Amino acid sequence: MTFTAENVQAALMPRSVRFYARVDSTNDIAHDWLLAGAATGTVVVADEQVKGRGRLGREWYAPPGTALLVSVILHPRLEHVPFITMLGALAIADAIEHIGGLSTSIKWPNDVHLSGRKVSGVLPEAVWDGGTLRGVVVGIGINVSIDFAGTGLADTAISIEPALGRPVDRLALLVTLLNRIDYWSQNINKVLEAWKGRLTTLGKRVSFEQESGIVQGTAVNVDEQGALLVQAVGGEIYRILAGDVALGGEE
Ligand code: BTN
């Protein structure tokens with residue numbers, strides 16, 4: 001389904017929506033719109049991003065028309081901010097399952113996986129005015145029909161269409177995604193447990209980087225903030241709040 005300003009706006013009525021055929025980053029537009037007073041549930045959608053960004057300063061790869069590139073504005077209470085990333089990942093996992101009946105999982109903290117490869121990611125950006133939280137922009141990228149062959153992501157990324165074996169209606173996926181974001185926003189107290197239940201990382205061998213070098217251990221739990229608790233080979237427990245963990249490692 002080709003996106004146009006008209007069909008995106010019509011599908012998302014009565015939300016406030018901005019659609020761009022091409023933009024630097026939907027998160028930047030949403031950031032400015034939030035500061036200008038945009039309400040919860042306001043959405044920015046693009047068909048192409050020139051400066052799409054991922055977590056940890058990475059670039060977000062998505063050729064024009066092959067992905068869902070969305071930023072949603074939310075106004076959570078301060079104490080709920082740690083759950084926003086989880087909420088995004090849960091909504092994505094739900095939406096992909098609803099659309100295609102595919103089974104998804106979440107790799108800590110917020111990568112949604114299909115058949116063991118990353119199909120989507122979440123980039124939440126809190127917007128502050130001095131010490132006051134003005135809101136959060138939840139940036140979401142979902143690989144719908146990206147062909148990763150010949151790219152550096154060929155072994156780690158996947159799109160929904162090849163996994164499903166049929167075309168995906170991006171508009172229907174977008175509507176479902178936003179409905180699930182609404183649902184989890186209204187059920188924020190259930191987010192931590194639901195997210196934890198979908199995490200594939202728990203119980204697995206993982207490795208991660210510390211100043212002292214690479215540490216290996218087992219992901220034993222997450223805490224109430226969503227931080228990953230890893231028991232290192234020597235028995236010490238590490239609390240990882242942000243960053244990357246790699247699955248696997250020496251036994
Ligand atoms: C990740 O690294 O896993 C998060 C990727 C988030 C990408 C989305 S695409 C829409 C929004 N705009 C951006 O520039 N990034 C997010």
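Reckoned from all heavy atoms, side chains included, excluding hydrogens, waters and symmetry mates. All ligand and atom numbering here is 1-based and tracks the order in the structure. The shown structure was predicted, so the numbers you read here are calculated from the model rather than taken from an experiment.
- Looking at N110 against ligand 1, nothing comes within 4.0 Å, counting heavy atoms.
- Within ligand 1, counting atoms from 1 as listed, the ones closer than 4.0 Å to a heavy atom of S25 are 12 (N), 13 (C), 14 (O).
- For the pair R58 and ligand 1, no heavy-atom separation below 4.0 Å is found.
- Salt bridge status for R53 with D28: present, with a side-chain N to carboxylate O gap under 4.0 Å.
- Between V168 and I160 the shortest heavy-atom distance is CG2-CG2, 3.8 Å.
- Protein heavy atom at the shortest distance from atom 3 (O) of ligand 1 is K118 NZ, 2.6 Å.
- In this structure, the protein non-hydrogen atom closest to atom 5 (C) of ligand 1 is W60 CE3, 3.4 Å.
- Contact atoms of ligand 1 toward G141: 7 (C), 8 (C), 9 (S) (distance under 4.0 Å to a heavy atom of the residue).
- When each of I92, T40, V70, I140 is checked for a side-chain contact (heavy atoms from CB on, under 4.5 Å) with I181, only I140 meets the rule.
- Applying the 4.0 Å criterion to heavy atoms of G54 picks out, from ligand 1, the atoms 1 (C), 2 (O), 4 (C), 5 (C).
- Annotation for ligand 1: atoms under 4.0 Å from non-hydrogen atoms of T26 are 10 (C), 11 (C), 12 (N).
- Looking at T85 and N110, their side chains never bring a donor and an acceptor atom within 3.5 Å of each other.
- Donor-acceptor pairing under 3.5 Å is recorded for the side chains of W184 and D94.
- Of the protein's non-hydrogen atoms, Q49 OE1, 2.8 Å is the one closest to atom 12 (N) of ligand 1.
- Shown here is E209, whose CD atom has no more than 12 heavy atoms of other residues, nucleotides or ligands within 6.0 Å.
- Using modelled atom types, one finds no donor on one side chain facing an acceptor on the other under 3.5 Å when comparing T2 with R170.
- A salt bridge is absent between R22 and D47: the closest approach of a Lys/Arg side-chain nitrogen to an acidic carboxylate oxygen does not fall below 4.0 angstrom.
- For atom 2 (O) of ligand 1, the closest non-hydrogen atom of the protein is R55 N, 2.7 Å.
- Side-chain polar atoms of N143 and K118 form no donor-acceptor pair below 3.5 angstrom.
- Residue-ligand proximity, D111 to ligand 1, at heavy-atom distances under 4.0 Å covers atoms 3 (O).
- Regarding atom 15 (N) of ligand 1, its nearest protein heavy-atom neighbour is R53 O, 2.7 Å.
- Side-chain polar atoms of E97 and S103 form no donor-acceptor pair below 3.5 angstrom.
- When heavy-atom distances to ligand 1 are checked against a 4.0 Å cut-off, L56 has no atom that comes that close, whether in backbone or side chain.
- Close approach to G52 involves these atoms of ligand 1, each under 4.0 Å from a residue heavy atom: 14 (O).
- Close approach of ligand 1 to V122 is summarised as follows: ligand atoms under 4.0 Å from at least one heavy atom of the residue are 3 (O), 4 (C).
- Interface of L69 with ligand 1, defined as ligand atoms under 4.0 Å from a residue heavy atom, comprises 9 (S).
- Using bins of under 30°, 30° to 60° and over 60° for the plane-to-plane angle, the ring pair F3/F19 lands in the perpendicular bin.
- Contact annotation for V70 and ligand 1: only backbone heavy atoms (N, CA, C, O) come within less than 4.0 Å of the ligand.
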